[in-house]
Amino acid sequence: MIHKLVHAARTWLQHKREPLRLEFVLTDHCNLNCKGCTHYSPLAPKEFADFDELCRSMQHLGRVADGRIGRAYLIGGEPLLYPRINEAMQALREAFPKAALYIFTNGIALPRMPREFWAECRRRRFIIAITRYPIKFDYDATIELCRREDVPCEVFGDRSMADSFFRFALDPEGRQNARKSHFKCYNFGCLSVVGNRLFPCSISACVGHLNKACDTNFKHTAADWLQVDRINSVEQIKALRDSPVPFCRYCILPPATVKYGPSRREACEWM
């Protein structure tokens with residue numbers, strides 16, 4: 001019992017001390033079709049973030065954070081599909097001049113990216129964060145491409161390995177203990193900016209795709225997000241990250257380990 005209490009206390013302190021990071025969602029559309037995707041990409045329409053709204057959110061959060069955001073990501077879906085990716089990189093660097101900036105990608109589109117993209121990565125000091133998937137694609141050659149272009153590259157995760165793909169299931173009745181779900185959250189700290197809203201995780205941020213495609217009814221309340229233009233302190237952002245929100249009652253944890261496969265766009269992949 002004492003061991004469990006000590007472990008819980010250490011976990012809580014580790015969460016509280018973790019540097020803040022922000023993930024700006026450019027699109028939930030993707031060039032992969034992964035079963036159980038936490039952005040619901042197989043269900044998402046081919047839509048992209050409004051660029052002007054994206055810039056306003058970046059600029060406002062940059063002013064509020066005042067150098068206290070350690071990392072910021074451009075994510076998807078697949079962010080390299082975003083038509084204005086170069087401009088988005090410029091806007092993010094201007095908003096967060098001191099942060100480590102990343103493009104979070106599956107890497108498939110990298111060999112086709114134009115010279116201007118690579119030049120912008122170097123100019124804005126971006127890091128390419130690649131996740132490997134068990135598909136017919138030469139990841140080693142793509143990592144070498146980043147090296148030749150003099151752009152830092154990190155392998156964020158290797159989902160081609162056995163037991164590396166998780167199924168984050170939701171309870172449609174919302175009967176889970178929100179505090180326990182938050183405490184054990186595998187997506188802790190993945191603060192997702194979608195439009196003018198800041199969510200504590202991508203599952204909450206993007207669940208509307210599941211509701212629309214599969215006629216589910218996962219509900220949000222006003223306490224599930226922060227309106228970006230009303231955030232006036234880093235403490236508000238930390239409070240959203242560090243405390244459970246009503247949506248946490250839907251999350252069943254721990255996630256199940258499943259074999260990677262293509263989505264059949266069925267609700268059971270997420271429930």
Side-chain angles (χ1 to χ4, degrees), residues 14-28 38-41 48-80 82 84-105 120-121 124-131 152 154 156-157 182 185-208 220 223-245 247-248:
Q14 182 180 353
H15 282 179
K16 297 283 284 187
R17 292 169 179 168
E18 185 172 321
L20 283 173
R21 66 182 187 269
L22 295 173
E23 300 182 349
F24 292 87
V25 180
L26 302 185
T27 179
D28 291 319
T38 56
H39 278 255
Y40 307 93
S41 293
F48 303 98
D50 179 85
F51 183 72
D52 291 335
E53 185 174 53
L54 177 70
C55 289
R56 286 193 296 270
S57 292
M58 289 176 177
Q59 291 163 5
H60 183 80
L61 289 169
R63 287 193 297 268
V64 169
D66 191 24
R68 295 170 66 185
I69 299 294
R71 295 183 177 190
Y73 295 81
L74 297 177
I75 68 169
E78 176 47 57
L80 296 182
Y82 190 61
R84 302 180 71 172
I85 183 67
N86 290 3
E87 294 168 88
M89 283 192 282
Q90 177 182 348
L92 190 60
R93 175 52 73 195
E94 290 175 352
F96 298 94
K98 299 178 182 179
L101 302 186
Y102 293 77
I103 297 177
F104 192 91
T105 175
E120 199 67 19
C121 286
R124 308 301 172 184
R125 308 190 311 280
F126 265 77
I127 301 165
I128 304 293
I130 296 177
T131 300
E154 297 179 3
F156 186 85
H182 176 265
C185 183
Y186 275 56
N187 295 305
F188 178 84
C190 299
L191 293 159
S192 297
V193 181
V194 179
N196 190 37
R197 290 178 177 177
L198 176 65
F199 292 86
C201 73
S202 63
I203 293 174
S204 175
C206 305
V207 74
H220 283 117
D224 283 310
W225 68 75
L226 295 176
Q227 189 167 317
V228 169
D229 57 11
R230 294 182 181 177
I231 297 173
N232 53 40
S233 73
V234 170
E235 284 64 37
Q236 287 176 272
I237 300 174
K238 285 186 175 179
L240 180 70
R241 182 194 69 174
D242 295 342
S243 303
V245 296
F247 192 88
C248 293

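- Within the structure, side-chain hydrogen bond (donor to acceptor under 3.5 Å, both in side chains) contacts touching residues 187-204 (residues at least two apart or in different chains) are N196-D229, S204-H220.
- Between the CD1 atom of I128 and the CD1 atom of I103 there is a distance of 4.5 Å, given to the nearest 0.5 Å.
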Run the side chain to side chain contact (heavy atoms under 4.5 Å, CB included) test on Y40 and I203 for me, step by step, so that the C-alpha distance in whole Å, both residues' side-chain angles and the decisive distance to 0.1 Å come before the verdict.
CA-CA 8 Å; Y40 307 93; I203 293 174; 3.3 Å; yes
Please report, to 0.1 Å, the donor-acceptor pairs under 3.5 Å made by any side chain of residues 68-76, with sequence neighbours excluded.
unit_1	atom_1	unit_2	atom_2	d
R68	NH2	E235	OE2	3.1
R71	NH1	Y73	OH	3.4

Should V194 and D28 be marked as a side chain to side chain contact (heavy atoms under 4.5 Å, CB included) after you check the CA-CA gap, both sets of side-chain angles, and the distance that decides it?
CA-CA 10 Å; V194 179; D28 291 319; 5.8 Å; no
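- V228 and L198 make their closest contact through CG2-N, 4.0 Å (heavy atoms, listed as atom of the first residue, atom of the second, distance).
- In terms of the side-chain contact (heavy atoms from CB on, under 4.5 Å) criterion, residue partners of D52 (sequence neighbours excluded) are, by chain and number, D50, R56.
- Residues passing the ring-ring contact (aromatic ring centres under 6.0 Å, His included) test with F96: none are found, sequence neighbours excluded.
- You'll find the side chain of L101 stays beyond 4.5 Å of the side chain of I127, heavy atoms only.
- Considering only residues two or more places apart in sequence or on other chains, S57 meets the side chain to side chain donor-acceptor pair (under 3.5 Å) condition with none of them.
- Every residue meeting the side-chain contact (heavy atoms from CB on, under 4.5 Å) condition with C55, not counting sequence neighbours, appears here in chain and number order: F51, Q59, A91.
- Evaluation of the ring-ring contact (aromatic ring centres under 6.0 Å, His included) rule for Y82 yields no partner, not counting sequence neighbours.
- Across every non-hydrogen atom of M89 and C121, the tightest pair is SD-SG, 3.8 Å.
- E120 meets the salt bridge (charged side-chain N to carboxylate O under 4.0 Å, His left out) test with R123, R124; sequence neighbours excluded.
- Nearest heavy atoms, R125 versus P97: NH2-O, 3.0 Å.
- Nearest heavy atom pair, residue N232 against residue V64, reads C-CG1, 3.9 Å.
- Side chain to side chain, E78 and T27 fail the donor-acceptor criterion of an N or O pair below 3.5 Å.
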Apply the test side chain to side chain contact (heavy atoms under 4.5 Å, CB included) to residues L240 and W225: give CA-CA distance (whole Å), side-chain angles for both, the deciding distance (0.1 Å), then the verdict.
CA-CA 7 Å; L240 180 70; W225 68 75; 5.7 Å; no
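- M58 and F24 get closest at one heavy-atom pair: CG-CE2, 3.6 Å.
- Among residue pairs with one or both ends in residues 84-103, those qualifying as side-chain hydrogen bond (donor to acceptor under 3.5 Å, both in side chains) are R84-E87, Q90-E94; sequence neighbours excluded.
- Counting all heavy atoms, side chain and backbone alike, E53 lies closest to G195 at OE1-CA, 3.4 Å.
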